[in-house]
2 protein chains.
Amino acid sequence: MGTTGQLSAVPEPKYWHLRTVLLKAIDTEFSTGQVLPNERELSARFGVARATLRQALDQLELEGRLVRRRGIGTLIAAPRVGVPVNRQEEGWPGAARSQAWRTVDCTTAPASAALAKGLGIAEGATVHTVRRVRLVEGRAMATESLHVPAAALPHLPGFRAESDRARSVLRQLERLEVDGESRAVELGVAEAEEAALLERPPGSPVLVMTTQYAAAGRLVALAVSTYRADTCKLTFGETGLVEVTPVGAAEGVRTAS
Amino acid sequence: MGTTGQLSAVPEPKYWHLRTVLLKAIDTEFSTGQVLPNERELSARFGVARATLRQALDQLELEGRLVRRRGIGTLIAAPRVGVPVNRQEEGWPGAARSQAWRTVDCTTAPASAALAKGLGIAEGATVHTVRRVRLVEGRAMATESLHVPAAALPHLPGFRAESDRARSVLRQLERLEVDGESRAVELGVAEAEEAALLERPPGSPVLVMTTQYAAAGRLVALAVSTYRADTCKLTFGETGLVEVTPVGAAEGVRTAS
DNA sequence: GAGTGGTCTAGACCACCGG
DNA sequence: CGGTGGTCTAGACCACTCC
């Protein structure tokens, strides 16, 4: 990486120009896992205040190009992991290759107004909520709150220990024939508990995915999942006919073209 | 909104606590379009430096709760717009209700390495690229670069004016029978040109969606779309059987539960 | 011109990590 | 312990919008 980096006059902010310079350096002179010079060193080298440098690093971290670790340094991030989110492969409890989820807890409570609306049931109706963490290669990638109206699980056995109840709910869901799902994805930030489960500080960006599952013409579950935006790329597989080359082969198309 | 807001001792950073306080105020005391007191006023009221207050506002803006306009003030944001992204309804050129796209330009050039890989063709092969902007309610919500190998469009007429060529490419695509698509969504930031098309400053967060379209067992197009993360919520409709209550009815489930 | 958010500075102290 | 990133401060000036 060059010594100065020639901050141009100024139609564009310094931090943005810095980001560009650093990005090029990352692409050409560093590789995954390497540590950058520390912030005080970098800010001196580029002749800017540390806060300004940090603004540039913030951008690059948001883009998933850098990882900053307190007490360690700033590292070049690994490319984002493609995380499949279709029901068949991974999303639905107990399906094929899923030891990928770890159940955190399970509660049973009356539905809040918002939750009732999302599930299309009456406010105050009993709802089971299973919280799970999705693991990819052993690392926590997402949290999920799976809300299921008690009415949708007629055969659920009576009270049990919490972990048993979670298992029961999940097992019951497996048996339902889900014939439709509707998803939405938006940007959010991790709140305290989520952040802890994801091993990230509060305020970290997440991709919030909301999924409504339908069976026999009725909604039977509402899942709210928060995926770490720094390390995850959500991939939506095709139920269709052709096996398409996995997305991710497209790495770098956006900027390189 | 209270006058002080009682910043607690400190296991949690001030800016994060501030965010919480402001979030509650937004939910209870303000409504869409209202302007907050200015930053100097707010920072004084909460007894913090302006930079600290801004850190809290940054978070809320990332969450899509605030919009800041230079020279105007900080406003309460409208809820995010649900933007459908399935091929049938909106994504594919010329489909049903689409006057929703505005073509920006159309270029024909050899494929870069990354692009060739994404399309499964040889590097340097000729590719048509149509850039478009997606409009929702008249506002620019996304940009798209649609890359199509020339080889996939055998009947494309010879050279023409750029706007005509764009039209031709899109029309040819309509005629192909697409039988598969593979999507990925991740977080990114808007670069200069994108940012301009989206009427946002560079560095604004975007949801980057990469879509591979297949027809007759081969990839025929690669689309890279960048959606404004502040105002968009991507919704994935079901090709399935049941008409599911639109996601968005689930508003507020995540925090309220 | 007055008022807004956007950028930038130069410093300070803290929390965490490793040897 | 020294070194790292994380937070916070108090100020300055700029770019923009509206009157």
Side-chain angles (χ1 to χ4, degrees), chain A residues 5 7-20 22 33-62 66-77 189-190 195-196 199-205 230, chain B residues 5 7-20 22 33-62 65-77 189-190 195 199-205 230:
Chain A
L7 286 314
S8 80
V10 281
E12 88 185 342
K14 282 188 188 177
Y15 78 88
W16 186 254
H17 183 250
L18 254 184
R19 168 199 167 270
T20 307
L22 289 170
Q34 266 192 292
V35 317
L36 254 53
N38 72 55
E39 298 182 351
R40 290 160 179 91
E41 154 95 27
L42 281 177
S43 55
R45 192 184 299 191
F46 288 105
V48 300
R50 190 176 156 221
T52 303
L53 173 77
R54 279 181 61 79
Q55 228 177 322
L57 296 182
D58 286 344
Q59 289 281 343
L60 292 167
E61 194 177 27
L62 199 65
L66 294 179
V67 179
R68 291 193 275 187
R69 296 213 197 124
R70 190 192 287 228
I72 306 290
T74 301
L75 325 183
I76 311 298
V189 305
E199 300 162 10
R200 296 253 63 202
S204 304
D230 57 344
Chain B
L7 286 314
S8 80
V10 283
E12 87 187 342
K14 282 188 187 176
Y15 79 87
W16 185 255
H17 184 249
L18 254 184
R19 168 199 167 271
T20 308
L22 288 169
Q34 265 191 294
V35 316
L36 253 54
N38 72 57
E39 297 182 351
R40 290 160 180 90
E41 155 94 28
L42 282 177
S43 56
R45 194 184 296 191
F46 288 104
V48 301
R50 192 178 153 216
T52 304
L53 173 77
R54 279 181 62 79
Q55 226 178 324
L57 296 182
D58 286 344
Q59 289 280 347
L60 292 166
E61 194 177 26
L62 199 66
R65 305 302 304 265
L66 295 179
V67 179
R68 291 192 276 187
R69 297 214 196 122
R70 195 195 289 234
I72 305 290
T74 301
L75 325 183
I76 310 298
V189 305
E199 301 163 9
R200 296 253 64 201
S204 304
D230 57 344

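All chains are named by letter (A, B, ...) in the order of the sequence lines, taking the proteins before the strands, and each is independently numbered beginning at 1. Values below: all heavy atoms of this structure, side chains included; hydrogens, waters and symmetry mates excluded.
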Take the protein atom [atom1] of [X] and the nucleotide atom [atom2] of [N], then report the distance between them rounded to whole Å.
X	N	atom1	atom2	value
E39(A)	dC16(C)	CD	C1'	14 Å
L53(B)	dT7(C)	CG	C1'	16 Å
L18(A)	dT7(C)	CG	P	13 Å
R40(B)	dC13(D)	CZ	P	13 Å
H17(A)	dT7(C)	NE2	C1'	16 Å
R54(B)	dT7(D)	CZ	P	16 Å
L57(B)	dT4(C)	CG	P	14 Å
E41(A)	dT4(D)	CD	P	9 Å

For [N], does OP1 or OP2 lie under 4.0 Å from any side-chain N or O of [X]?
X	N	result
N38(B)	dT4(C)	yes
R69(B)	dT4(C)	no
R68(A)	dT4(D)	no
T52(A)	dT9(C)	yes
R50(B)	dA10(D)	no
Y15(A)	dT7(C)	yes
T74(B)	dT4(C)	no

Does the side chain of [X] reach to within under 4.5 Å of the side chain of [Y], using non-hydrogen atoms?
X	Y	value
L36(B)	L75(B)	no
D58(A)	L62(A)	no
T74(A)	V35(A)	no

Between E61(B) and R65(B), is the closest basic N to carboxylate O distance under 4.0 Å?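 A salt bridge is absent here (no side-chain N lies under 4.0 Å from a carboxylate O).
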Identify all pairs in which a protein N or O lies below 3.5 Å from an N or O of nucleotides 17-19 of chain C, and state each distance.
none

Heavy-atom closest pair, residues L53(B) and L18(B):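 Closest pair (atom of L53(B), atom of L18(B), distance): CA-CD1, 3.9 Å.
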Could you tell me the separation between the CD atom of E39(B) and the CZ atom of R68(B), rounded to the nearest 0.5 Å?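 Atom-to-atom, E39(B):CD and R68(B):CZ are 5.5 Å apart.
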Looking at V48(A), is its backbone amide N or carbonyl O close enough to the side chain of T52(A) to form a donor-acceptor pair, meaning the two atoms are under 3.5 Å apart?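 No, the answer is negative, given that no donor and acceptor are paired below the 3.5 Å cut-off.
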